[in-house]
Protein chains: 2
Amino acid sequence: MAEILRPIGAIARALDGISNIEFKELELSRGQYLYLVRIAEQPGIILERLAAILKVDKTTAARAIQKLERNGIVERRPSPTDKKQKQIFMTAKGQALYPIIHRENTYSNQVALQGFTPAERDQLADYLNRVETNIAADWTAVKHGHHRNY
Amino acid sequence: MAEILRPIGAIARALDGISNIEFKELELSRGQYLYLVRIAEQPGIILERLAAILKVDKTTAARAIQKLERNGIVERRPSPTDKKQKQIFMTAKGQALYPIIHRENTYSNQVALQGFTPAERDQLADYLNRVETNIAADWTAVKHGHHRNY
DNA sequence: TTATTTTTGTTGCAATTACAACTAAAATGC
DNA sequence: GCATTTTAGTTGTAATTGCAACAAAAATAA
């Protein structure tokens, strides 16, 4: 059967490695760009939702956001409707970084899709969304201690 | 244009997270399964090649392999033709782990491809290999200090 | 209501990750 | 030949990552 785990892992590590190197000149440390773009696009998002979207441990996300806050890139305000939740927003400083990151991501996306026709690009994006949906439930289950049988 | 970076990243993190949790009962720590399967399939492979295939920093791979060696899972022998190189091989203990990892990976791959026809699976695998090729040169270049213009 | 469970977030660890900087050997250039 | 560059691997250091274990608020149950 076709194997997709390995290329997906290699592509993800390569793109992440490139971004981390390129964003060092923005004083962003490893992984921070991921959180930044999501918060910029979904202002008021809370930690657990962000971690679920990105598929990282919530404690990892927590510390990344703490650092972004310390560095004045995001700020957090208690939710008016739920005292447990802290809504996350971009500062002006953070807003200024967003287009730079977005431009880099767009470029990497173009490089990744070189030689693909528009129809192929759409089809690949559709496939990947289906794969993500397929795997999301298992990720949550295993994270919560569920044992998969195979 | 179609966006593929985000789902690829999310899928890779989800699958990696699942594997790392499931392989803890094999006494494998984070990431080690990646190196193990490649060494099992390409006995005698050297560090730099392994790092290039996996798209991780060579110092990361070096320390992962040092630990696998300490734990008796792989062993290294100097190359007979090049005194710089150290060839990496599986021990009997490591060989015993391979089928377990392989079975898990196969299962995750099946979950990921649920709802895909055989033709779609092949097509997705083909697309991903093309993307990997597209991005490999940029990864190496940026890793070596090259500055991309965009 | 009151008790229990789920949601949301935080710290304490222990480990991986990777940029610098460095050796030693091989390959290349002149 | 001999000097320079490239290949291959290691260690120092600093940071992210994430499993446990916890606390507080909200939702659910009884």
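None of the values given here were measured: they were computed from a predicted structure. Here is the naming used below: chain letters follow the sequence lines, and residue numbers restart at 1 for every chain.
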Please state whether the rings of A/Phe23 and A/Tyr33 are parallel, tilted or perpendicular, taking 30° and 60° as the class boundaries. tilted

How many Å lie between CD on A/Glu69 and C1' on C/dT10, as a whole number? 13 Å

CZ of A/Arg49: more than 12 outside heavy atoms within 6.0 angstrom? no

So if I apply the side-chain hydrogen bond (donor to acceptor under 3.5 Å, both in side chains) rule between B/Asp138 and each of B/Arg148, B/Lys143, B/His146, which one comes out positive? B/Arg148

Can you list everything that forms a side-chain contact (heavy atoms from CB on, under 4.5 Å) with A/Ala62? Sequence neighbours excluded, please. A/Leu47

Write down the distance between CG (B/Leu28) and P (D/dC19), rounded to a whole number of angstrom. 15 Å

So if I define the base as every atom that isn't primed, P, OP1 or OP2, how would nucleotides 1-9 of chain C read as a B/S/- string at a heavy-atom cutoff under 4.0 Å? ------BBB

Quick one: side chains of residues 34-46 of chain A, donor-acceptor pairs under 3.5 Å with protein atoms, not counting sequence neighbours, listed by atom name and distance.
residue : atom : partner : partner atom : Å
A/Glu41 : OE1  : B/Arg6  : NH1          : 2.8
A/Glu41 : OE2  : A/Tyr98 : OH           : 2.6
A/Glu41 : OE2  : B/Arg6  : NH2          : 2.8

Have a look at the helix from C/dT1-D/dA30 to C/dC30-D/dG1 and give the angle its two end axes make, five pairs each, rounded to 10 degrees. 40°

I'd like a table of atom pairs between the protein and nucleotides 15-18 of chain C - only N or O on both sides, under 3.5 Å - with the distance next to each one.
residue : atom : partner : partner atom : Å
C/dA15  : O3'  : B/Lys67 : NZ           : 3.4
C/dT16  : OP1  : B/Ser29 : OG           : 2.7
C/dT16  : OP1  : B/Lys67 : NZ           : 2.5
C/dT17  : O2   : A/Arg30 : NH1          : 3.4
C/dA18  : OP2  : B/Thr60 : OG1          : 3.0
C/dA18  : N6   : B/Arg63 : NH1          : 2.7

Within this structure, what is the CG-to-C1' distance between B/Asn20 and D/dT17, rounded to whole angstrom? 10 Å

For a quick test of reading the model: is some side-chain N or O of A/Lys24 closer than 4.0 Å to OP1 or OP2 of C/dA20? yes

What pairs of residues pass the ring-ring contact (aromatic ring centres under 6.0 Å, His included) test when at least one of them lies in residues 65-85 of chain A, not counting sequence neighbours? none

Would you mind reading off the distance between B/Ile65 atom CD1 and D/dT11 atom C1', rounded to a whole angstrom? 16 Å

